[in-house]
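Inspection log for the structure reproduced underneath, given as structure tokens.
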Amino acid sequence: MTRTVKWLSSILNTGKWATVLAIATAYSLQKDAFLRTLARTVRWADLDKPRAFRNRDKESRVNLWKLPVHLYDRALFDAVDTMRRWILAAIDQAHIEGKLFRAFEGPQRRYAFWLLRKFVRIGAALRGEAPEPKFEISLAQRQAVVRLLRRLLRKALGKSPRVHLRRSFELDNTLYRFFTHRGKPYLSIASLVPGQRTVIPLKGFPVPAVTGNVRVVLDPRKHAVAVHVPVPVRVKTLPDRREPVVVGLDAGVTEVFADSRGNFYGEGFGLVLDRLSARTTAQGAERNRLHAAEKKLAAASQAGERQKAGRIRRFNLGRVKLDARRARGQAEVKRRISEALREVLRFRPDVLVMEDLSRMRGRTKSRNLSRVVSRWMRSSLKERAEFLSQAGGSRLETVNAAYTSQECPKCGYVHRDNRQGDRFHCRDCHFTGHADTVGAVNVERRHTDPELRERIQVFTPKEVVLKSLREIFERKRALST
Ligand SMILES: [Zn+2]
């Protein structure tokens with residue numbers, strides 16, 4: 001596995017800047033041409049098999065912008081990648097898997113997930129076709145699944161992606177070379193002129209030992225570039241154990257998490273989130289205020305006033321400054337999340353169990369977070385948890401967390417009154433504990449308890465979760481009396 005490190009260049013002279021700008025422009029035009037082709041759903045088989053797409057394209061290639069062959073290929077693969085990410089993000093954000101899971105059962109449910117497994121099938125569904133799988137299912141049943149999937153996808157997808165800013169390009173390892181000269185680091189890249197390379201002076205050391213694709217991102221404000229380099233991450237190996245170590249985590253209200261052993265990580269996190277949330281909301285309001293002021297000044301009779309309007313416009317309605325402030329806030333949140341996760345991983349657990357973060361709704365509702373921050377925080381948490389647990393050699397498992405805050409970990413009794421703020425007090429067996437710790441224990445049980453694991457899956461609807469928990473509780477009670 002790899003992580004991305006950004007290498008900054010020094011300010012480029014006019015000639016070098018013109019060269020990288022020309023590459024970025026040609027590359028972006030080519031990538032955009034591929035994106036337009038791939039926007040047609042009949043081409044989505046190409047998203048499943050990009051190599052076949054490349055080989056077919058090679059035979060009828062019209063290299064309009066005269067890109068070197070490898071750069072042309074990169075633009076193709078880059079476009080495929082952008083399309084795939086666009087489709088997968090839409091499916092994820094619109095909770096399409098969960099909706100299909102809840103809408104269908106048996107072979108229809110199986111069919112729905114079979115469709116989602118390949119882009120070519122997703123494309124077919126978008127055209128209203130119902131491709132035939134290898135397992136038994138009638139045409140009418142297939143069509144019913146396709147109707148719902150098509151409706152959900154159309155709503156979720158919106159406009160297909162295009163390249164709007166021509167300011168980045170990808171290079172494979174035939175197109176670049178890092179080297180040092182008189183103690184200084186450089187990156188040499190192929191230009192659009194065959195056989196001619198351009199050398200970019202870099203800041204920072206040491207020059208990375210890179211073999212993968214790198215992305216060059218232009219900064220027109222500074223006439224400099226950032227080189228995004230994949231750096232290998234050493235994955236830790238865990239000791240051999242007879243019993244796997246399992247740790248459940250619960251996203252807390254004031255801290256980043258509580259774990260199932262009674263520990264708390266990243267206390268004070270709630271305050272950081274509240275600040276970021278307030279800032280994000282204020283940022284919208286501030287921009288509206290500036291926009292109104294700019295309009296008023298632009299219509300003024302005095303030249304001085306109109307100049308002021310021009311300045312507001314030039315500074316993008318204050319966006320640069322506000323974006324920088326928000327970026328600092330976001331960096332702080334990410335740092336706290338990473339710190340908390342690293343601390344958890346010090347136990348070197350075999351399995352880390354968390355709730356399905358794309359569905360973490362209830363808890364963030366209880367906080368006064370702006371929707372933007374809440375969604376962003378969840379995706380950061382998900383991304384960091386996936387990355388850090390993998391690097392630490394642990395396996396990340398996600399579970400359905402419905403009612404984990406109201407369920408007694410000892411007797412299984414579920415009631416909303418079991419939780420009062422930070423305290424958990426079972427109304428049935430009088431077990432007490434910290435509410436977030438109880439939540440984490442229950443999250444862990446959803447993975448380790450065979451019956452809970454069988455009956456409560458990630459997409460199981462809340463009502464069914466509650467029914468199952470009550471049935472299990474009643475049955476255990478009947479057995480014990
Ligand atoms: Zn109880």
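In what follows, every heavy atom counts, from backbone to side chain, and hydrogens, waters and symmetry copies are set aside. Along the sequence shown, the residues carry numbers beginning at 1. Counting starts at 1 for both ligands and their atoms, following the listed order. Fair warning: this is a prediction, and the values are worked out from it, not measured in the lab.
- Residues satisfying the ring pair (Phe, Tyr, Trp, His ring centres under 6.0 Å) criterion with F473, sequence neighbours excluded, are Y413.
- Using a cut-off of 4.0 Å between Lys/Arg side-chain N and Asp/Glu carboxylate O, E332 and R335 are scored as salt-bridged.
- Of all the heavy atoms in R384 and I337, the pair that sits closest is CB-CG2, 4.0 Å.
- Of all protein atoms, those of element N, O or S that lie under 2.8 Å from the Zn ion (ligand 1) number 4.
- For residues 226-244, the pairs satisfying side chain to side chain donor-acceptor pair (under 3.5 Å) are R241-D350, with sequence neighbours left out.
- For R275, there are no salt bridge (charged side-chain N to carboxylate O under 4.0 Å, His left out) partners, not counting sequence neighbours.
- With a 6.0 Å cutoff to the six-membered ring centre and a 45° limit on the axis angle, R3 does not count as a cation-pi contact of F387.
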